[in-house]
Amino acid sequence: MPELPEVETIRRDLEKEIVGHKIVDLWYDVPKMLQPNPATVEKIIGKHFVSAGRIGKLLLLGLENDGTIGIHLKLSGQLFIRKQTDKEDRFTHVAFKFEDGRELRFTEVRKFGYVKLIENSRDLKKITSEYGPEPLTKDYTIDVVRKLLSKSSRATKTLILDQKKIAGVGNIYADEALWYSKIHPETPGNAVPEKQVEELYIGIIKALEQGIEDRGTSIDDYLDIYGQPGKHAKNLNVFRQQGQPCSRCGTIIKKIRVNGRGTHYCPKCQTL
DNA sequence: AGTATCCTGGAA
DNA sequence: TTCCAGGATACT
């Protein structure tokens, strides 16, 4: 699943590949993936991309004159930069065609992902304001984590997955961050001691930074815009590592279900 | 706060 | 042939 590190990797590469390029045509085959509707999104034809941003797991591709294309990859979305003459990619549902013969393809097996035209800065503000602080910026402080945990008795894992509270953490990096901070994923937020709150704050940063350094985790569908896998899958400590020994203590990693999500942890390191 | 829903390839 | 994965949102 593309989470902050994967989307950030894509963002950085897109910045190099599409900024300054003109969209000369738009192709799609699943209308509901173009929001609010295909006719609105088609207004981008003739415009240039001027920036490549991101909030949480949402890509924000800036257009000249105030528009922004938001792209959410959800579970299985991929973006590829290709020549229009290149062999088709399976499950392509949207393609932005550029003036130079290249195109940006959006593939999505499940059709959950979407391309959204955000027409003005007011609408953009509305969308970005729904997200909590970005973990790798100064807006993310220990106080953010402390407040988030102290106000609820829900499972700590569930709390850190809330995009409104912290932007960009998904299932993979939540499990990894909890392992780093030695917190059992089901620990009620308000039962986490101050010392562990501090470690979770740092653990989230560490998990995400390592993911970015490795250009993402290609354990399911994720590939970068050139079609290359990220290298983080082999550096995972707990995610999908059930049955394997913990790299810290040798105890066998367990898999449970927390709030409907597959959850992996070390039963010895991560105690309640 | 917990659960159903979207969706489909691939695993069991 | 049935079941599962899972981000975000709509329900109950």
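Residue numbers start from 1 in every chain, and the chains themselves are labelled A, B, ... in the order their sequence lines are given, proteins ahead of strands. Any value given below was found using the heavy atoms of this structure, including those in side chains, with hydrogens, waters and symmetry copies removed. Just so it is clear, the structure is predicted and the values come from calculations on it, not from any experiment.
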Original post:
Can you check the A:R257 CZ to C:dC4 C1' distance for me, whole Å?
Top reply: 8 Å
**OP:** Compute the ring centroids of A:F106 and A:H93, then answer whether they are less than 6.0 Å apart.
**Re:** no
Original post:
When the distance from CG of A:D175 to C1' of C:dG6 is rounded to whole Å, what number comes out?
Top reply: 13 Å
Original post:
Is the A:Y201 to A:Y140 ring centre distance short of 6.0 Å?
Top reply: yes
Original post:
What is the distance from CD of A:E108 to P of C:dA8, rounded to the nearest Å?
Top reply: 12 Å
Subject >> Separation of atom CZ in A:R240 from atom P in C:dA5, rounded to whole Å >> reply: 9 Å
Subject >> Sugar-phosphate, base or nothing in reach of A:Y131, heavy atoms under 4.0 Å >> reply: nothing
Original post:
Under 4.0 Å between a side-chain N/O of A:K74 and OP1 or OP2 of B:dC7, yes or no?
Top reply: no
Original post:
Tell me: NZ of A:K157 to C1' of B:dG2, nearest whole Å?
Top reply: 16 Å
Subject >> Nearest listed nucleotide, side chain of A:S152, among C:dG6, B:dC6, B:dA1 >> reply: B:dA1
**OP:** Remember a base hit wins even if backbone is also touched, and classify A:K116 as base, sugar-phosphate or nothing at under 4.0 Å, heavy atoms.
**Re:** nothing
Original post:
How is A:N259 classified with respect to the nucleic acid when contacts are heavy atoms under 4.0 Å: base, sugar-phosphate, or nothing?
Top reply: base
**OP:** Mind checking A:K111 for me? I need base, sugar-phosphate or nothing, with any heavy atom below 4.0 Å counting as a touch.
**Re:** sugar-phosphate
Subject >> Touch class at under 4.0 angstrom, heavy-atom based, for A:G260 against every strand present >> reply: nothing
Original post:
Atom CE of A:M33 and atom P of B:dC6: how far apart are they, to the nearest Å?
Top reply: 16 Å
Subject >> Evaluation steps, side-chain hydrogen bond (donor to acceptor under 3.5 Å, both in side chains), between A:T92 and A:D89 >> reply: CA-CA 6 Å; A:T92 299; A:D89 288 286; 4.8 Å; no
Original post:
Atom NE2 of A:H72 and atom P of B:dC6: how far apart are they, to the nearest Å?
Top reply: 19 Å
**OP:** Please state whether the phosphate of C:dA8, meaning OP1 or OP2, lies under 4.0 angstrom from any side-chain nitrogen or oxygen of A:K57.
**Re:** yes
**OP:** Answer with base, sugar-phosphate or nothing: what part of the nucleic acid does A:Q163 contact at a heavy-atom distance below 4.0 Å?
**Re:** sugar-phosphate
Subject >> Out of C:dT9, B:dC6, B:dA1, whichever nucleotide has its closest atom nearest the side chain of A:R154 >> reply: B:dA1
Original post:
How about A:H264 and A:F239: are their ring centres within less than 6.0 Å of each other?
Top reply: yes
**OP:** State, without any angle test, whether A:Y226 and A:E17 hold a side-chain donor-acceptor pair at a distance under 3.5 Å.
**Re:** yes
**OP:** Kindly indicate whether the side chain of A:R261 and the base of C:dG7 share any N or O donor-acceptor pair separated by less than 3.5 Å?
**Re:** yes
Subject >> Rounded distance (Å) that lies between atom C1' of C:dG6 and atom CD1 of A:I172 >> reply: 11 Å
